[in-house]
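Here's the structure we're looking at; comments come further down.
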Number of protein chains: 2
Amino acid sequence: MKYLSRPEELVLLTIWKMKEEPYGINIRKYITKMTGKYWSIGSIYVPLDRLENKGYLTSSLVSPTSERGGKSKRFYQLTKEGLKQLQEIKKIYQAFWKDLPDLSVKKT
Amino acid sequence: MKYLSRPEELVLLTIWKMKEEPYGINIRKYITKMTGKYWSIGSIYVPLDRLENKGYLTSSLVSPTSERGGKSKRFYQLTKEGLKQLQEIKKIYQAFWKDLPDLSVKKT
DNA sequence: CCTATTAATTCTATTATATAGAATTTATAA
DNA sequence: TTATAAATTCTATATAATAGAATTAATAGG
């Protein structure tokens, strides 16, 4: 893709905004809440993976706290490059969406 | 995709904004200018096609004016459904991008 | 201590989309 | 009647979306 795809964009933005622990399950929860749509496990983890491979994210496993058991969480953080991508699509977005005829009215 | 993909978004927005003749070549020209990136022929026409199949666009061939020869242009127009999709991603976009920590500063 | 349960991630397959550019079509000019 | 130009259509390959099963690793309870 020339730019971040939509799922990549949402994942990155979520990590950037997130105050609570930025790991897969939480990210999925947030995106689900915000969009009101179902997001499969894969539809979160696959982009996470790709974004990390591209250098837009880094991650590290955190040692488990003493809640009920479970695998370690993997926390994500944006890299400088990831931020740059967000800036880029923000710029594109603004250029395309500004001066838009009102979307609530059908053009005739 | 749950939402319009990025190329679909740009194509639809371009058609919605365009004052001049909304046909493939012009759409490509506009998107190229706005993004400053190369867009192949296919990267415009393939989404156009798909958007029409999904019912977000309609099109019709226009009878050629007497310029230098060439195949007829196909003019595109947004449908109500296409507009609805734009409204939907606008809503998503706004929700995700508002209250964003400043993108120009690296979070520490 | 060993087993059930839970939380989370990793893996993998399938479908859909992105992207490039060659081929084709159709018109006019010479 | 052929060369040239403008535009679209077609098609192949690479990449991304999406779903969910499998796996891993931790703790609680007997």
Side-chain angles (χ1 to χ4, degrees), chain A residues 1-12 15 18 20-32 35 37-54 56-76 85 89 92, chain B residues 1-12 15 18 20-32 35 37-54 56-76 85 89 92:
Chain A
M1 284 266 271
K2 290 195 170 58
Y3 301 105
L4 293 171
S5 70
R6 187 111 18 222
E8 287 172 345
E9 172 190 5
L10 299 187
V11 164
L12 278 194
I15 292 168
M18 225 166 173
E20 332 87 82
E21 309 181 307
Y23 69 104
I25 300 291
N26 265 356
I27 293 166
R28 182 176 178 223
K29 212 172 286 173
Y30 182 84
I31 292 179
T32 300
T35 61
K37 303 215 168 162
Y38 175 79
W39 292 75
S40 70
I41 294 171
S43 67
I44 301 297
Y45 280 98
V46 169
L48 275 172
D49 236 56
R50 187 170 47 248
L51 288 166
E52 188 165 16
N53 281 325
K54 286 182 178 169
Y56 300 160
L57 288 176
T58 50
S59 76
S60 52
L61 293 171
V62 300
S63 27
T65 57
S66 58
E67 304 149 2
R68 189 74 174 79
K71 212 174 171 179
S72 294
K73 296 167 182 173
R74 181 176 288 281
F75 280 18
Y76 288 91
Q85 291 302 311
I89 63 157
I92 295 299
Chain B
M1 283 266 272
K2 291 194 171 56
Y3 302 104
L4 294 170
S5 69
R6 186 104 27 214
E8 288 172 343
E9 172 190 7
L10 299 187
V11 164
L12 278 193
I15 292 168
M18 227 167 173
E20 334 87 86
E21 309 181 308
Y23 70 105
I25 300 289
N26 265 356
I27 293 166
R28 182 177 177 220
K29 212 171 287 172
Y30 182 84
I31 292 180
T32 300
T35 62
K37 303 215 166 163
Y38 175 79
W39 292 76
S40 70
I41 294 170
S43 67
I44 302 296
Y45 280 98
V46 170
L48 275 172
D49 235 54
R50 187 169 46 250
L51 288 166
E52 188 166 15
N53 281 326
K54 286 181 179 170
Y56 300 159
L57 288 176
T58 50
S59 77
S60 52
L61 293 170
V62 299
S63 26
T65 57
S66 58
E67 304 149 4
R68 190 71 173 81
K71 211 174 173 181
S72 294
K73 298 168 181 171
R74 180 176 289 282
F75 280 19
Y76 288 91
Q85 292 302 312
I89 63 159
I92 296 299

Open item on the list: Could you tell me how far apart B:Ile27 (CD1) and D:dT9 (P) are, to the nearest whole angstrom?
Closed with: 12 Å
Open item on the list: Is the shortest side-chain heavy-atom distance between A:Tyr56 and A:Leu4 below 4.5 Å?
Closed with: yes
TODO: Figure out the CG/P separation between A:Asp49 and D:dA16, and round it to whole Å.
DONE: 12 Å
Task: Check: B:Gly24 main-chain N/O paired with B:Arg74 side-chain donor or acceptor under 3.5 Å - done: no
Task: Candidates C:dT19, C:dA8, D:dG20 - which lies nearest the side chain of A:Tyr38 - done: D:dG20
Task: Residue of the set A:Ile31, A:Ile25, A:Thr32 for which side-chain contact (heavy atoms from CB on, under 4.5 Å) holds with A:Lys29 - done: A:Ile25
TODO: Look at the side-chain N and O atoms of B:Arg74 and state whether any lies under 4.0 Å from the OP1 or OP2 oxygen of D:dT9.
DONE: yes
- [ ] Check whether any side-chain nitrogen or oxygen of B:Tyr3 sits under 4.0 Å from OP1 or OP2 of C:dA16, and answer yes or no.
- [x] no
- [ ] From the options D:dT9, C:dT12, C:dA8, select the nucleotide whose nearest atom is closest to the side chain of A:Lys71.
- [x] C:dA8
Task: Minimal non-hydrogen separation, A:Lys2 against B:Tyr38, with atom names - done: CE-O, 2.5 Å
- [ ] With DNA chain D as reference, determine whether B:Leu61 or A:Val46 sits nearer its 5' end, using the nearest nucleotide of each.
- [x] B:Leu61
TODO: Would you indicate, yes or no, if C:dT17 has its OP1 or OP2 atom less than 4.0 angstrom from a side-chain nitrogen or oxygen of A:Ser5?
DONE: no
Task: Length of the line joining B:Leu12:CG and C:dT17:P, which is rounded to integer Å - done: 13 Å
Task: Rounded interatomic separation in angstrom, taking CG from B:Leu48 and C1' from C:dT17 - done: 14 Å
Open item on the list: Does C:dA20 have its OP1 or OP2 closer than 4.0 Å to a side-chain nitrogen or oxygen of B:Lys37?
Closed with: no
Task: Nucleotide C:dA16, atom P - distance to CG of B:Leu51 in whole Å - done: 16 Å
Open item on the list: Keeping B:Glu52 on the side-chain end and B:Ser59 on the backbone end, is there a donor-acceptor pair under 3.5 Å?
Closed with: yes
Task: Presence of A:Arg6 side-chain N/O under 4.0 Å of D:dA16 phosphate oxygens OP1/OP2 - done: no
Open item on the list: From C-beta outward on B:Tyr23, which listed nucleotide comes closest to its side chain: D:dA7, C:dT19, C:dA27?
Closed with: D:dA7
Open item on the list: From the set D:dT18, D:dG20, D:dT9, return the single nucleotide nearest to any side-chain atom of B:Ile41.
Closed with: D:dT9
Open item on the list: In whole Å, I'd like the distance from the NZ atom of A:Lys73 to the P atom of C:dA7.
Closed with: 10 Å
TODO: Under 4.0 Å between any heavy atoms, over every strand shown, what does A:Gly24 touch: base, sugar-phosphate, or nothing? Just pick one.
DONE: sugar-phosphate
Task: Nearest-angstrom distance from the residue atom CD1 of B:Ile44 to P of C:dT17 - done: 17 Å
Open item on the list: Would you call the rings of A:Trp39 and B:Tyr3 parallel, tilted or perpendicular, taking 30° and 60° as the class edges?
Closed with: tilted
Open item on the list: Between C1' on C:dA18 and CG on B:Leu10, what's the gap in Å once rounded to a whole number?
Closed with: 13 Å
Open item on the list: Using OP1 and OP2 only, check whether a side-chain N or O of A:Lys54 sits under 4.0 Å from D:dT15.
Closed with: no
Task: Which nucleotide in C:dA18, C:dT19, D:dT18 has an atom nearest any side-chain atom of B:Ser40 - done: C:dT19
